[in-house]
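Okay, structure first, notes after.
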Protein chains: 2
Amino acid sequence: MTEPPARPTQRDIARRAGVSTATVSYVLNGRRGGAKPPPEETRRRVLRAVAEVGYQVDHAGRSLRRRRTDLVALMYPAPSSPWSDRLVEQLQAGAAERGLGVVALPLGGAASGDAALRVLRERYVDGAVLLPDCGVDPAELARLAGRGLALVVFDDHLAPDGFDVVRQDRARACRAAVEHLVNSGHRRIAYLAHPGEDRWDTGRSVKLRGHRDVLAAHGIAADPGLVLPVADSRPAAYAAVRDLLLRPDPPTAVLSATDRAAIDAVWAARDHGVAVPEGLAVAGIGNIPEGLVITPALTTVGARELDFSREVARLFARLDATAPLPGEVMAAPWELIVRASA
Amino acid sequence: MTEPPARPTQRDIARRAGVSTATVSYVLNGRRGGAKPPPEETRRRVLRAVAEVGYQVDHAGRSLRRRRTDLVALMYPAPSSPWSDRLVEQLQAGAAERGLGVVALPLGGAASGDAALRVLRERYVDGAVLLPDCGVDPAELARLAGRGLALVVFDDHLAPDGFDVVRQDRARACRAAVEHLVNSGHRRIAYLAHPGEDRWDTGRSVKLRGHRDVLAAHGIAADPGLVLPVADSRPAAYAAVRDLLLRPDPPTAVLSATDRAAIDAVWAARDHGVAVPEGLAVAGIGNIPEGLVITPALTTVGARELDFSREVARLFARLDATAPLPGEVMAAPWELIVRASA
DNA sequence: CTGAAAGCGCTTACAG
DNA sequence: CTGAAAGCGCTTACAG
């Protein structure tokens with residue numbers, strides 16, 4: 001007997017089992033339209049051949065013919081976070097029920113953004129959820145949706161256009177956090193920014209703008225020395241807050257673009273003998289579970305529950321729909337969650 | 001003029017530009033074998049048609065014909081971590097140079113493991129890196145490699161078999177950590193385990209076994225009450241260590257299966273007035289950057305550098321190779337990194 | 001009940 | 001220089 005080919009096809013199986021490729025496909029996938037499946041004996045012969053050569057269906061062939069990929073994606077800005085982890089998990093649960101796969105597309109440097117977009121554009125996947133700040137051009141989103149890609153997009157400003165938009169109202173929530181600090185009497189409020197956040201287009205820098213606008217509204221002069229691009233690195237955040245506290249004119253409060261960096265701010269204060277919130281009030285943004293662990297518990301802004309079941313259900317509804325669904329706005333508003341740290 | 005079709009194909013472009021589909025493809029991809037590319041005028045006509053209808057190549061068609069997907073994957077057990085984030089980032093950098101895409105395949109529940117494996121089996125991707133503990137059957141790996149999938153697998157025991165194996169020697173390093181604690185005089189050493197770790201097959205529970213075996217080797221009786229399945233949840237780890245410290249017979253040291261939980265152990269101790277390492281020595285496993293931020297700095301076990309360039313380069317070498325490369329063992333040993341917390 | 005055949009969208013060796 | 005044609009692996013309406 002000859003070696004089985006490196007990647008056997010249904011033709012190989014058909015030859016081996018003495019049937020046609022149509023029969024192989026019917027055995028493997030069942031038959032459409034209520035027709036009877038192949039009889040047991042044929043079935044057995046085919047399945048034996050499949051086992052013998054270790055046949056696996058080829059995605060490219062199947063996908064070209066079926067006009068779908070049976071794959072969905074989650075796109076999000078790196079690094080991954082409790083939200084991206086949780087959303088992947090919930091997507092996987094829904095996908096498993098439907099026999100679909102899930103891939104994550106973390107957006108790293110500039111180059112990776114384009115590569116990730118290619119995955120959507122060239123139809124590696126049937127649908128995708130885009131977490132906030134993926135930075136995809138709205139016209140591009142509309143075009144993708146127009147071509148039948150199922151799309152659920154987290155964005156506070158975009159209008160739905162063949163895709164659904166999840167509104168978190170982050171700007172309002174972030175402003176509420178700054179208001180809270182100001183109303184507690186703080187005037188020197190530092191902000192731990194995403195690196196480069198001040199150069200982002202305005203749609204993405206909601207957090208920084210919340211800080212700026214609310215201070216301005218209260219007639220508090222902006223101090224550029226209190227805006228530090230350290231929110232994406234825990235060691236950098238810790239060091240920055242420590243340095244802040246050693247200044248002659250330390251801030252009395254810190255708002256951080258990420259809960260992670262806010263937590264480091266709490267440590268830095270505690271490690272240097274500054275009480276939180278008495279000596280330094282600290283608020284984060286994001287409401288990750290970790291914020292409940294530290295002492296004092298972290299005041300933050302974010303979704304109350306780490307739950308994306310509605311958004312996930314909507315993606316699958318789009319995938320299951322026979323006719324294109326109209327774009328819909330879904331509200332999932334962020335809230336100010338006052339705990340002990342500010 | 002009629003509406004452009006929902007998903008235009010090269011046939012549509014060809015018609016529109018008054019050329020053949022072959023010419024469209026040549027314009028889009030360039031010509032092989034030193035033949036001259038289509039002349040400027042043809043080129044322009046084709047590109048205009050492409051722009052007008054917003055043509056995008058279809059992955060399934062291209063991939064079926066080219067016999068490759070131009071996609072690579074990273075598989076890893078959820079949740080994501082600084083290592084998985086870093087590896088994705090380094091893969092993306094290498095992939096960008098070659099015009100490839102990168103997808104992440106986090107392994108969640110039992111069902112998702114199978115769905116993720118399907119992505120490799122059915123050839124959604126050309127290659128993959130598997131981080132430790134993906135739990136893929138070695139025979140399956142050999143079969144995948146035998147079919148030409150490029151594979152670099154982090155595993156301390158597997159023999160290379162058409163794929164490469166990265167050896168971290170985690171067992172040895174974990175034992176060294178326990179030895180370090182015992183040699184420092186500790187006898188009651190708690191272990192923060194991955195949930196279910198005691199039921200994992202032996203290959204995966206290297207950390208737990210390190211703890212058990214070294215204690216046994218020193219004649220220290222195992223205390224089941226000191227093994228807690230909380231290493232994957234920060235709040236759970238914090239609470240468990242706090243409870244441990246309130247017992248009449250608290251441990252004097254804690255080893256944690258994750259640095260994350262170890263960091264929570266440090267907080268829990270500090271919050272409850274127990275000095276680290278004097279009152280409680282704490283060691284983690286993994287060496288994440290965060291371990292350097294806390295006070296005292298975390299003693300841990302792991303790779304010294306968060307750098308996977310050798311492993312990434314090897315995956316791309318496999319992808320670029322014309323003939324199948326033999327499987328290779330790569331050493332990237334973990335080390336005991338003694339800092340201040342133990 | 002089964003098989004021959006068409007065709008999904010693309011690339012490419014080949015003929016003109 | 002360009003186009004007609006074959007074929008990648010699969011599914012499925014259709015003929016027998």
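We use all heavy atoms of the structure for the numbers below, so side chains are in, but hydrogens, waters and symmetry mates are not. Each chain gets a letter, A, B and so on, in the order its sequence line appears, and its residues count up from 1. Because the structure is predicted, anything quoted here is derived from the model rather than measured.
The residue Ser63(A) sits apart from the nucleic acid: no heavy atom pair falls under 4.0 Å. Ala60(B) comes within 4.0 angstrom of no nucleic acid atom, judged by non-hydrogen atoms across all strands.
At the phosphate of dT12(C), neither OP1 nor OP2 sits under 4.0 Å from any side-chain N or O atom of Arg65(B). OP1 or OP2 of dT11(D) sits under 4.0 Å from a side-chain N or O of Ser25(A). Side-chain nitrogen and oxygen atoms of Thr23(B) include at least one within less than 4.0 Å of the OP1 or OP2 phosphate oxygen of dG3(D). For dG9(D), the OP1/OP2 oxygens have no side-chain nitrogen or oxygen of Thr9(A) closer than 4.0 Å.
Rounded to whole angstrom, the span from the CG atom of Asp70(B) across to the P atom of dC8(D) amounts to 20 Å. What separates CD1 of Ile13(B) from C1' of dG3(D) is a distance of 17 Å, to the nearest Å. When rounded to the nearest whole Å, the span between CG of Asn29(B) and P of dT12(C) equals 7 Å. Distance, Arg123(B) CZ to dC10(D) C1': 16 Å, rounded to whole Å. Computed from coordinates, the Asp12(B) CG to dC8(C) P distance equals 11 Å when rounded to whole Å. When rounded to the nearest whole Å, the span between NE2 of His59(A) and P of dC10(D) equals 12 Å. What separates CG of Leu28(A) from C1' of dT12(D) is a distance of 15 Å, to the nearest Å. Remark: C1' of dC10(C) and CG of Leu64(A) are 8 Å apart, rounded to the nearest angstrom.
Here the CZ atom belonging to Arg318(B) is positioned 10.0 Å from the CG atom belonging to Leu149(B), to the nearest 0.5 angstrom. Here Phe154(A) contributes atom CZ and Met330(A) contributes atom CE; the two are 8.0 Å apart, rounded to the nearest 0.5 Å.
At least one donor-acceptor pair closer than 3.5 Å links the side chain of Arg167(B) to the backbone N or O of Leu158(B). Side-chain atoms of Arg121(B) do not come within 3.5 Å of backbone N or O of Glu140(B) as any donor-acceptor pair. For the pair Asp126(A) (side chain) and Asp70(A) (backbone), a donor-acceptor distance under 3.5 Å is present.
Shown here are the side chain to side chain donor-acceptor pair (under 3.5 Å) partners of Thr21(A), two or more places apart in sequence or in another chain: there are none.
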Item to check | Secondary-structure string, 5' to 3', Watson-Crick or G-U under 3.5 Å, | for another-strand partners, for DNA chain C | outcome: |||.||||||||.|||
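Arg310(A) CZ: more than 12 foreign heavy atoms inside a 6.0 Å radius.
In this structure, Arg11(A) and Gly18(B) both approach DNA chain D, and ranking their closest nucleotides by distance from the 5' end singles out Gly18(B).
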